Each structure stands twice: as structure tokens, then as C-alpha cells.
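None of the values given here were measured: they were computed from a predicted structure. We name chains A, B, ... by the order of the sequence lines, and we start the count at 1 in each one.
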There are 2 protein chains.
Amino acid sequence: MSPTTRTGRPRGFDAEAALDRAIEVFWRQGYEGASLSDLTEAMGINRPSLYAAYGNKDDLFRLAVARYAEVDMAYAKEAFAEPTAYAVIEKFLRANADALTRTDRPAGCLSIQGGIAGGSDGGRVAQFLAESRLAGEAALAGRLARAIDEGDLPPGTDPGALARYVMVVSEGNAVHAAAGVGRASLHATVDIALRAIPGL
Amino acid sequence: MSPTTRTGRPRGFDAEAALDRAIEVFWRQGYEGASLSDLTEAMGINRPSLYAAYGNKDDLFRLAVARYAEVDMAYAKEAFAEPTAYAVIEKFLRANADALTRTDRPAGCLSIQGGIAGGSDGGRVAQFLAESRLAGEAALAGRLARAIDEGDLPPGTDPGALARYVMVVSEGNAVHAAAGVGRASLHATVDIALRAIPGL
DNA sequence: CCAATTCTGTACTGTTCGGTATGCAAGTCA
DNA sequence: TGACTTGCATACCGAACAGTACAGAATTGG
């Protein structure tokens with residue numbers, strides 16, 4: 001009656017290792033941009049093996065996200081264990097920044113890239129969009145540099161860093177808005193974010 | 001010699017109005033998720049008319065983004081005209097929050113949604129990802145609520161709003177990281193973001 | 001009214017997509 | 001050894017994709 005006794009030919013690949021490869025493909029190319037051919041090639045298995053082991057593409061993606069949350073987001077749980085709120089937040093944001101820029105992993109976060117990425121075109125569209133966003137950031141940095149000259153920002157301020165922070169808040173709010181978060185909540189976030197702006 | 005003299009059958013649709021409809025489709029469904037059939041149906045034109053008027057799908061998308069930047073991001077230029085840096089930033093973030101939640105437009109920002117969105121599946125994947133992100137946000141809010149009880153956050157603090165702010169910074173950094181921004185810059189953003197966290 | 005030019009509508013191209021039917025290989029248990 | 005169970009490999013399915021050929025319709029200039 002042992003439920004693990006399944007006679008028959010044993011699986012010829014490591015399902016967990018193959019799932020890790022799938023995570024990278026989804027991470028880099030997004031859900032829609034990752035074709036079954038991309039996935040099976042990276043995982044080193046055939047299509048029927050994928051369907052037998054994980055279900056369909058959708059199921060595979062959910063398994064990938066779940067494993068990503070467990071493995072690659074483990075720092076969140078560690079951060080929560082810090083003694084104070086400030087320490088929790090700082091540790092979370094620091095570890096997050098490190099995780100987003102690991103050299104042995106795709107840049108960014110699967111939870112966001114899984115939707116972005118672009119995929120089949122090799123990320124041309126995503127790159128185009130990123131460039132136009134960064135152009136806006138540069139424009140804001142220019143305006144803030146002028147503000148330093150005009151004396152309404154402290155002399156030591158880094159205009160590029162401050163502009164980047166503002167755009168980060170804007171982009172984060174955009175992600176939230178797309179997820180259905182309402183206007184009042186967005187403004188509440190702005191309330192908090194503005195506290196970080198250096199006064200005169 | 002007048003260059004506008006183009007004899008022949010006149011175009012049967014307003015190219016600018018049709019482009020506006022295309023913007024909404026790309027905004028809602030993303031670049032990959034917007035099929036030519038979706039686009040032509042929304043624009044009220046046939047495929048050959050689209051190709052004749054705008055080029056190919058890629059060209060149409062770039063035109064859409066350009067027009068979006070001009071029309072829907074006009075508030076940025078207005079914000080830049082404010083007299084002080086703080087006013088520039090506040091006006092930008094406020095107008096941005098309003099723009100992200102206009103009831104007569106898709107939620108979010110074309111520049112981000114153009115990559116996200118999900119498209120053909122009606123946004124099922126995007127919704128799944130959004131829910132898992134919001135679950136993490138709720139977990140953080142719970143941890144911060146405990147911090148208020150334990151006295152390391154001011155009593156009046158809204159733990160949900162603070163958690164949302166932290167996740168906004170995290171998501172914005174993720175978008176930046178995916179665009180190629182490096183680790184040091186992300187930490188510089190965290191430096192600024194942490195200034196908004198209420199001290200003991 | 002006719003020729004030239006441009007736009008529109010239908011119907012099609014080749015390709016790629018997610019998903020699967022089928023026959024064979026590789027093991028376990030009697 | 002032989003029945004049984006399971007995984008693997010090839011080859012395929014219908015559907016959807018971006019893009020286009022072609023013929024007819026609408027307009028201008030003569």
C-alpha cells in the first residue's frame with residue numbers, strides 16, 4: 001500500500017532541477033514569451049515529459065513561481081525575523097536589491113519579469129520601453145540639477161539618485177495600479193515617499 | 001509641387017483617432033498580447049489599411065508610445081515647470097498617481113503595461129502574479145502591525161500603507177534592474193527610500 | 001468620360017503556437 | 001521469463017499568429 005511504489009520505467013531527469021531551468025526561462029522571457037520549445041530545450045526534456053511531470057504550461061509556470069518564492073525570495077522571511085520594523089524594511093530592501101542584480105541569475109524579479117520581458121523578439125520591445133523610461137528619468141535629473149543650482153535642494157544632493165528614486169516610486173505605483181490598487185492608496189504611498197525628499 | 005497633393009481615394013478613417021484606440025489595446029494587453037486582429041477590430045480598420053498607414057505592428061507600437069508620451073504624460077512637463085524641486089516631485093507623483101487610476105483609461109502605465117499585461121489569456125497570468133505580490137505585501141503589513149504593538153513604530157502609523165510603500169520601492173527597483181540599472185544604484189535608491197521610514 | 005492613383009476588403013501565405021496520439025524503451029514484480 | 005506499468009521520442013493536430021497579393025472601389029486630373 002505504500003503510495004510511493006510506482007512500478008515502471010523511472011523518470012530520466014531531475015524534476016526539480018528541470019524546474020529551476022524553467023524558472024530562468026520564464027524569468028528572462030516572461031510567460032507569453034517563453035514557448036514550449038524554449039522551455040523543453042532549456043530543461044533538456046521532451047514535450048510529453050513536461051506535460052506528464054508538470055501538467056500544462058500554466059501549471060509549470062505556477063510551480064516555477066512557487067519555487068521561486070521559496071528559494072529566491074527566502075530573504076524576505078529572514079528580513080521579517082529582524083527585531084525592529086526599520087531593520088525589517090532595511091534588510092528586505094537591501095536583500096531585494098542584491099537579489100535583483102545577481103550575476104548568476106536574470107536581472108529583476110520573476111514576479112514582474114514573468115509579465116514583462118517581451119520574449120520572442122529577444123526583448124526588443126522591453127528594451128525600447130526601458131530606454132524611454134530612463135530618458136524621462138534623465139530629464140527629471142536635469143531639472144533637479146537645476147534646482148540644486150537654484151538653491152532649493154541641499155548642495156550635496158545627487159540629482160540622478162533622487163530622480164531615480166522618484167521614478168522608482170512612480171513605476172512601483174504603476175505596477176500597483178495595474179494590479180487594481182486604487183487612487184487613494186497610491187496617494188498614500190506618495191505621502192510616505194515625499195518624506196524622503198530632502199528639504200531646503 | 002505641393003507635397004500634400006496625393007490624388008487617389010482618400011483614407012476612410014482618422015489615423016490619429018485610430019492610433020488612440022491602438023494605444024488602449026497595447027496598454028491593456030501589452031505588445032505581445034495585442035494581436036493584429038485585436039488592433040484592427042478596435043481601430044475599426046482592416047489589416048492592409050493598418051500596414052499602409054503605420055507600417056508594421058512594431059512601428060504602430062512605437063507611434064503609440066510616442067503619442068502616449070505626448071498626450072498622457074503631458075503632466076510631466078507641467079510638473080517640471082514648478083518652481084522648486086519638492087514641488088516638481090510632488091506634482092509629478094500626484095499627477096502620476098491620478099493618471100495611473102483614470103477611470104476612462106486602462107489602469108497603470110503604457111510604458112510598463114506595454115510589457116506586462118498578459119494579453120491573450122485575458123490577463124490571468126498577470127493577475128496571478130499581482131495576487132502573489134499583494135500577498136507578500138500583506139505579510140509585511142502584518143509584521144509591521146506587530147512592530148507597532150512592540151513600540152518600534154510610532155503609534156499612529158498605518159502598517160498597510162507603509163508596507164505598500166516598501167513594496168512600491170521594491171517593484172520600482174525590480175523594473176529598474178530589469179532595465180539594466182546596477183546594484184549600487186539600487187542601493188542608492190534604498191538609501192533615499194529609507195529616509196521615509198518613521199523612526200522610533 | 002477616361003486614365004491614373006490610392007485606399008479598402010477578402011482571402012490567403014508560411015510559420016509558430018500549445019497540446020497530444022502512438023509506438024517503443026526501461027524498469028518492477030511474479 | 002513474461003505480464004505490467006511507466007517514461008520517452010517522433011511526429012502530428014487544429015488554431016492563431018504577423019504579414020501580404022490581388023481585385024474592386026473611390027477619388028482627382030485631364
Chemist: Taking CZ from A/Phe61 and C1' from C/dG19, how many angstroms apart are they, rounded to a whole number?
Modeler: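 Value for this atom pair: 19 Å.
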Chemist: Which is more 5' along DNA chain C, the nucleotide nearest B/Phe13 or the one nearest B/Arg47? Just name the residue.
Modeler: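 Between the two, 5'-proximity favours B/Phe13.
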Chemist: In this structure, how many angstroms lie between the P atom of D/dC17 and the OH atom of B/Tyr31, rounded?
Modeler: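 In whole Å, D/dC17 P and B/Tyr31 OH are 13 Å from each other.
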Chemist: So do the side chains of A/Phe26 and A/Val65 get within less than 4.5 Å of each other, counting heavy atoms only?
Modeler: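 Heavy-atom side-chain distance check fails, nothing below 4.5 Å.
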Chemist: Find out whether B/Leu194 and A/Tyr86 are in side-chain contact, i.e. whether some heavy atom of one side chain is under 4.5 Å from a heavy atom of the other.
Modeler: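 Yes, close enough: below the 4.5 Å cut-off.
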Chemist: With sequence neighbours left out, what residues match B/Ala138 under side chain to side chain contact (heavy atoms under 4.5 Å, CB included)?
Modeler: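 For B/Ala138 there are no side chain to side chain contact (heavy atoms under 4.5 Å, CB included) partners, ignoring immediate neighbours.
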Chemist: Among residues at least two apart in sequence or on other chains, which ones pass side chain to side chain donor-acceptor pair (under 3.5 Å) with A/Glu90?
Modeler: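 Residues passing side chain to side chain donor-acceptor pair (under 3.5 Å) with A/Glu90: A/Arg94.
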Chemist: Of all residues at least two apart in sequence or in a different chain, which pass the salt bridge (Lys or Arg N to Asp or Glu O under 4.0 Å) check with B/Arg146?
Modeler: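 For B/Arg146, the residues satisfying salt bridge (Lys or Arg N to Asp or Glu O under 4.0 Å) (neighbours in sequence not counted) are B/Glu150.
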Chemist: Base, backbone or nothing for each nucleotide of nucleotides 21-26 of chain D, written B, S, -, heavy atoms under 4.0 angstrom, 5' to 3'?
Modeler: B--BBB
Chemist: For residues 169-186 of chain B, run the donor-acceptor check on the side chains, cut-off 3.5 Å, and write out each pair with its distance to 0.1 Å, sequence neighbours left out.
Modeler:
residue  : atom : partner  : partner atom : Å
B/Ser170 : OG   : A/Asn96  : OD1          : 3.2
B/Glu171 : OE1  : A/His176 : ND1          : 2.7
B/His176 : ND1  : A/Glu171 : OE1          : 2.7
B/His176 : ND1  : B/Gly172 : O            : 3.3
B/His176 : NE2  : A/Glu137 : OE1          : 2.6
B/Arg183 : NE   : A/Thr101 : OG1          : 2.7
B/Arg183 : NH2  : A/Asp98  : O            : 2.9
B/Arg183 : NH2  : A/Thr101 : O            : 3.1
B/Arg183 : NH2  : A/Thr101 : OG1          : 3.4

Chemist: Taking only N and O in the side chain of B/Ser49, is any of them less than 4.0 Å away from OP1 or OP2 of C/dC7?
Modeler: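 B/Ser49 to C/dC7 OP1/OP2: no side-chain N or O under 4.0 Å.
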Chemist: Within this structure, what is the CG-to-C1' distance between B/Leu36 and D/dA16, rounded to whole angstrom?
Modeler: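 My rounded result for the distance is 11 Å.
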Chemist: Which residues pass the salt bridge (Lys or Arg N to Asp or Glu O under 4.0 Å) test with B/Arg21, sequence neighbours left out?
Modeler: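 With sequence neighbours excluded, B/Arg21 shows a salt bridge (Lys or Arg N to Asp or Glu O under 4.0 Å) to no residue whatsoever.
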Chemist: In whole Å, what is the span from the CG atom of A/Asn46 to the P atom of D/dC12?
Modeler: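 Answer to the nearest Å: 16 Å.
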Chemist: Rounded to the Å, how far apart are B/Asn56 CG and D/dA18 C1'?
Modeler: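 Distance check: B/Asn56 CG to D/dA18 C1' gives 9 Å.
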Chemist: Mind listing the residues from residues 14-25 of chain B sitting with a heavy atom below 4.0 Å of DNA chain D? Number order is fine.
Modeler: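 When residues 14-25 of chain B is checked for heavy atoms under 4.0 Å from DNA chain D, there are no hits whatsoever.
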Chemist: Give the rounded distance in Å between these two atoms: OH of A/Tyr54 and P of D/dC8.
Modeler: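 For the pair A/Tyr54 OH and D/dC8 P, the rounded distance is 10 Å.
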Chemist: If I take atom CG in residue A/Asp38 and atom P in nucleotide C/dC17, what distance separates them, rounded to the nearest angstrom?
Modeler: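 Distance, rounded to whole Å: 7 Å.
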Chemist: Mind checking salt bridge (Lys or Arg N to Asp or Glu O under 4.0 Å) for B/Asp149 and listing every partner two or more places apart, or none if nothing turns up?
Modeler: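 For B/Asp149, no residue satisfies salt bridge (Lys or Arg N to Asp or Glu O under 4.0 Å) once neighbours in sequence are set aside.
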Chemist: Check salt bridge (Lys or Arg N to Asp or Glu O under 4.0 Å) between A/Arg195 and all other residues, then give those that pass, not counting sequence neighbours.
Modeler: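 For A/Arg195, no residue satisfies salt bridge (Lys or Arg N to Asp or Glu O under 4.0 Å) once neighbours in sequence are set aside.
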Chemist: Which comes earlier along DNA chain D counting from the 5' end, the contact point of B/Ser37 or that of A/Ile45, where each point is its nearest nucleotide?
Modeler: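 Final value for this comparison: A/Ile45.
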Chemist: Within this structure, what is the CG-to-P distance between A/Leu39 and C/dC17, rounded to whole angstrom?
Modeler: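 One finds 11 Å between P of C/dC17 and CG of A/Leu39, rounded.
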Chemist: Under 4.0 Å between a side-chain N/O of B/Thr7 and OP1 or OP2 of C/dA4, yes or no?
Modeler: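 False: B/Thr7 side-chain N/O out of range (4.0 Å or more) of C/dA4 OP1/OP2.
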